[in-house]
Trainee: 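Attaching a single structure in C-alpha cells format; questions to follow.
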Amino acid sequence: MTPSPGRPTEAMPQFEMHATGVEGATEGTERMEVSMGPHHPSTHGVFRMDVELEGETITKLKPVFGYLHRNHEKIAESTSYLGSMPYTDRLDYFNSMTNNWAYALSVEKLAGIEVPERAEYIRVITAELTRLQNHVSLIGFLVQDMGALGTPLMYAFRERERILDLFESLSGARMMCNYMRFGGCRCDVSADWIKQAQSVVEAFPQFLDEFEALISENEVLMARSQHVGILKPELAIDAGVAGPVLRATGVNYDLRKVDGYGIYDRFQFRVPLGDHGDVYDRYMIRVLEMRESVKILQQALAEIPNGDYVNPKAKLRGFRPPPGEAYGRIEAPKGELGFYLISDGSPKPYRYRVRPPSLINLTILEDMCLGQTIADAVIILGSIDIVLGEVDR
Amino acid sequence: MENEKAILPEVQQIADAINAAVKNAGVTVSINPSPAEQHSLLLFPTKARECAQWLKAESPWQLDYLSNVSGNDWPEDAITKQTPKQPVKDAGEEPMHPCLEAVYHLYSIRQSLGPIIIRMRTENRSDKVELPSLTPIWRSAELQEREIFDLYGIHFEGHPDLRRLLMWDEFEDHPMRRDYVEPDDYDYEPTPHGDVLKKSLTQQEGTV
Amino acid sequence: MIGKGILKGMVETARNLTGSFHDPDRLTTVEYPEQKIPAKENARNFPFLIYDGDDWETGLRCVSCQICEKECPPQCIYIEKDKEKKPDFLGKMQMQPKIFDIDVSVCMGCQICVEVCPFESIRMDNDFEYAGSDRFKSLLLTKDQLAKSNKYYHSIHPTEAQETDEIRVQKREDHLAKEKAKAEKLAKAKKEAASKAALSKAETAKEE
Ligand code: SF4
Ligand code: SF4
C-alpha cells in the first residue's frame, strides 16, 4: 500500500503498522489498565474510573468515588431539621431548588404539614426552572465532551445565567438557594418577579430552536452518540436507574405523573420517551423535557393564585416531628431524589438518608461501556449526568 | 396520591400473602406511627431472599423497582428510651433488640404502586452482622448495599463485589454507627473559638 | 446531504457572532473588576449587625439572646454576653453582646440566622469581595466590623429594610399599647382599691 501523499509515515509508524498489518507488528493488542481521574476534565468532578482496555475497547470499568465524601447524613443527624436545609443545596449543587423540595416534602410527610396552594405553585415554578437550567447546562457539557469545545456550552450557560438571575432575585443566591421551608417557601414571589420569569420562559423555546439548529442535526454528534452506550429497559429498571436516563430507554416512569406529588396533576404536559436508549436519545430526551417544562411553567405562571406562601402553622424554631419514619421522593432533574427520615421526637433527625439519583444511575456505567471505546466512555458518563456532590455526599 | 401510602390493611395483606406463598417466611408488619403511615414488612434474614424473589417475580404487586436501600443503627440506648422516643414499634410481641437494620423501599413500575417497605435486622451489632444481599434480585442494591457495608458494617452475603464505597479501603470502623468515635489522628484546622480550638491547641502542645 | 447539519450550526454561530456587535442581549459578559453588574436586590452573602442612630456601640440592636448562635448550622457565630444591660428601642433593659464574632471562612451565607433572630438585628450583606491573607485577622469578623447602620441596610435591600422598619414600628406600637393598657389597668385597679378602701373605711366608720 502506497502511503497517501503528504502523510508523514515516519512520524507515525505505530499507526501505519496497525492500519496495514505490516510484518513485525505484534498480533492483536495489549491489555492496558488506565485510571481515568480523579482529576480529569471528562469526569465532571473528582471521580475516577479504573478502566481495563483491550486496544481501545473497554473490557472492564469500575467507578471509584468518595473523594468528596463528607458524610452529609451524619452531619444531618447532629443538626436540627431546619439546619439540614442549606446542606441539601450542596448535594447536587446544580439543582438546589429540587433538593430543597425533596427534603421539605419528606419532612412534611413525616410531620403531616399541609402546604398552601400558592407555595405549591412557587415550588413547581422554581423546580421547573431548575430543570431547565440543569438540562441546558448538561447538554452543553455533553457536547463539550464530544469535542464541541466552547460554543454550545457558552450558549447554554448564557441561558442558564438568566434563570440563575431569577433565582438570585428571588432567594438571594444563584446556586445555594436554601429557599424552601417545611410547609412552604421562605419568602413570597413578587408580581414583578413573575413577569420576569414569564419573559425568560417565553424566550426559552426560541433559544432551544437555536440550540437545536446548532447541534441536533450535526453529523459528528450523531456519529459519536447514536448506538453508543445502549441501555436496555429491563436492565435499567432492575438497576434502579431513574430520570431521563430511564426514560431514554423507553420506560414511561416520571414521578411527576406517577406520584403526582405537589400539584403536578393539574398541568398538561407529556413525558418524552426514547426508544434506543443510547447517548443520542439521552441527549434528545433532555431537549424534549425542556420543551415540556416550558409548557408547565407557562401554565403555572399564568395560574398562580394569591394566598400564603408558607403554612402559618409551620414552626421554624423548635420543630419536632412526631416519632416515626417517612420516605418522600420527587422527580429531580437527574432522576428520583428521595429522602428517608426517621424521627424519634427530638429536634434532630434520628436517621437521615438521601437517595442520590446520580449514585444509583452509576450502577450501570460498566454495562453501558463494555465493548465501547475509551472515548465513548467519556460521553456515556456525560450522558448519565452525575454531580459528585451528590454521589459522594 | 392514592397509591402513595400503603394503608395498613394492605400491608397486612401483603404480609399474609408472603406467609402463604413462602414456607416459614414469618413476615410481620412493623407499624409506623407517623402521619406518613408507611408501614413496613419485617423479613427473617434467612428467608428474605426467597420472599424478595417472590415479591418481585410472582406476587400480584410485581415490585420490579427497588428505589432506596438504607441502613439504620439501633444501639441499646436508642431502644430502651421511653416509648415516644422509639420510632418504629413492632406489631409483634417481640421487642426490638439492638441491631443493624437494612430498609428497602420497593415500587412497581408496571402497576405504579408503592412504596412497599421491607426491612431486615441483624442479630446484634458486633459479630453477627450478616444479612442476605438482595443485589442478585435487584441490581439497584449493588452500590447502596456497598455503601451500607461501608458506613454501617452490615455484611451482605452473596453480594458480588462487597468493598468500601465512600471511605478508602484501609479505613477501619463504620462512621454512620451511632457510637462511632472519630479518630484523633489528624490536624485540626483551628477555629477561633470552641472545642476545636481547644483540641487543636492541645494537639499543638503535644507536638512541641 | 452530509454536512448539512454542520452548515446549519455554522449559520447559527455566525448569527450569534454578528449579533453580539449590535444586540446587547447577545453580549453577555462584562469585564469584571472594571465593570460590575449591579447587585440584585435580594442578593446575600454574609450577615451583618444593624445599629440604629449614629453610634454603633449604643445603637446595636442585638440583645445577645444567642438564638442565632444556636441555630447556625455550621456553628460559625460566637457570642459572649455583656454583664451590663442597656435599654433597647422599647425601653426594656436588655443585654448587649460583649463579643460577637462571625467566622466568615465557615459561614455559608444560608440566612438562617436572619430568619430566626427575633429582634431584627442581623441581616444579610451583599458585599462578596472578601479576601485576606490571615485566617483569623481578616476572615473573623468582630462586632465592630459587623456593625452597619440602618441607613446602609436601606441602601442595599430597600424593600426588605422598609418591611423591617414597619415591623419595628408595629412592635413599638404594640408595646406602647400594651404598656398603656397595663398602666390603665394598674390605675383602674388602684382606683378600685382606693374606692374599696374608702368604702370599707366608710363602713368601719359607720360601724363605729
Ligand atoms: S443577632 Fe439576633 S438572634 Fe443573634 S444574638 Fe443578637 S438578637 Fe439574638
Ligand atoms: S448565614 Fe448561615 S452560616 Fe452564616 S452565620 Fe448565618 S446561620 Fe451561620
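Order of the sequence lines sets the chain letters (A, B, ...), proteins ahead of strands, with each chain counted from 1. Reckoned from all heavy atoms, side chains included, excluding hydrogens, waters and symmetry mates. Everything numeric here is computed off the predicted structure, so don't read it as measured data.
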Trainee: How long is the straight-line distance from CG of Asn72(B) back to CD1 of Ile342(A), given to the nearest 0.5 Å?
Mentor: 4.0 Å
Trainee: So, are Arg353(A) and Glu147(B) salt-bridged, with charged N and O less than 4.0 Å apart?
Mentor: yes
Trainee: Please indicate whether Glu114(A) has more than 12 foreign heavy atoms, meaning atoms of other residues, nucleotides or ligands, lying under 6.0 Å from its CD.
Mentor: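 Result for CD/Glu114(A): open.
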Trainee: Counting only heavy atoms not in Lys60(A), do more than 12 fall under 6.0 Å of its NZ?
Mentor: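 Open: at most 12 neighbouring heavy atoms sit under 6.0 Å from NZ of Lys60(A).
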Trainee: Under 4.5 Å between any side-chain heavy atoms of Val251(A) and Ile109(B), yes or no?
Mentor: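 Side-chain contact under 4.5 Å: yes.
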Trainee: Most heavy-atom pairs under 4.5 angstrom with chain B, which of Leu359(A), Leu235(A), Asn252(A)?
Mentor: Leu359(A)
Trainee: Tell me if the aromatic rings of Tyr107(B) and Tyr253(A) count as close, with their centers under 6.0 Å from one another.
Mentor: no
Trainee: Do you know which of Thr135(B), Leu165(B), Leu166(B), Leu143(B) has the most heavy-atom pairs with chain A at a distance under 4.5 angstrom?
Mentor: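 Counting heavy-atom pairs under 4.5 Å, the top option is Leu166(B).
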Trainee: Side chain to side chain contact (heavy atoms under 4.5 Å, CB included), that's the test. Do Leu151(B) and His69(A) meet it? Break it down for me.
Mentor: CA-CA 11 Å; Leu151(B) 302 181; His69(A) 181 54; 4.1 Å; yes
Trainee: Roughly how far apart are Glu142(B) CD and Asp238(A) CG, rounded to 0.5 Å?
Mentor: 10.5 Å
Trainee: Looking at OG of Ser140(B) and CZ of Arg355(A), how far apart are the two atoms once the value is rounded to the nearest 0.5 Å?
Mentor: 6.0 Å
Trainee: Report the C-alpha distance between Arg351(A) and Met176(B) in whole Å, list the side-chain angles of each, state the deciding distance to 0.1 Å, and finish with yes or no for side chain to side chain contact (heavy atoms under 4.5 Å, CB included).
Mentor: CA-CA 10 Å; Arg351(A) 172 79 174 110; Met176(B) 278 301 283; 3.2 Å; yes
Trainee: Check whether Lys62(A) gets within reach of chain B through its side chain, its backbone, both or neither, counting any heavy atom under 4.5 Å.
Mentor: side chain
Trainee: I need the minimum non-hydrogen distance between Tyr65(B) and Ala242(A), along with the two atoms involved.
Mentor: OH-CB, 3.3 Å
Trainee: So does His105(B) get a backbone contact from the side chain of Tyr340(A), meaning a donor-acceptor N/O pair under 3.5 Å?
Mentor: no
Trainee: Counting only heavy atoms closer than 4.5 Å, note whether Asp161(B) contacts chain A via side chain, backbone, both or neither.
Mentor: side chain
Trainee: Taking only residues two or more places apart in sequence, or in another chain, which ones meet Asp50(A) in a salt bridge (Lys or Arg N to Asp or Glu O under 4.0 Å)?
Mentor: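 Only Arg48(A) meet the salt bridge (Lys or Arg N to Asp or Glu O under 4.0 Å) criterion with Asp50(A).
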Trainee: Hey, what do you get for CG (Asn68(B)) to CD (Glu336(A)), rounding to the nearest 0.5 Å?
Mentor: 8.0 Å
Trainee: How long is the span from the OG atom in Ser67(B) to the OH atom in Tyr327(A), to the nearest 0.5 Å?
Mentor: 3.0 Å
Trainee: Report yes if the side chains of Asp367(A) and Arg139(B) come closer than 4.5 Å at any heavy-atom pair, otherwise no.
Mentor: yes
Trainee: For the CZ atom on Arg270(A), are there more than 12 heavy atoms of other groups (residues, nucleotides or ligands in this structure) within a distance under 6.0 Å?
Mentor: no
Trainee: Tell me whether the count of non-hydrogen atoms from other residues, nucleotides or ligands lying under 6.0 Å of NZ in Lys348(A) goes above 12.
Mentor: no
Trainee: Do any of residues 72-84 of chain A have a heavy atom less than 4.5 Å from a heavy atom of chain B, and if so, which, in residue order?
Mentor: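 Those residues of residues 72-84 of chain A which have a heavy atom under 4.5 Å from chain B are Glu73(A), Lys74(A), Glu77(A).
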Trainee: What I'd like to find out is whether the side chain of Tyr67(A) reaches to under 4.5 Å of the side chain of Trp168(B), using heavy atoms alone.
Mentor: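 No, side chains not in contact.
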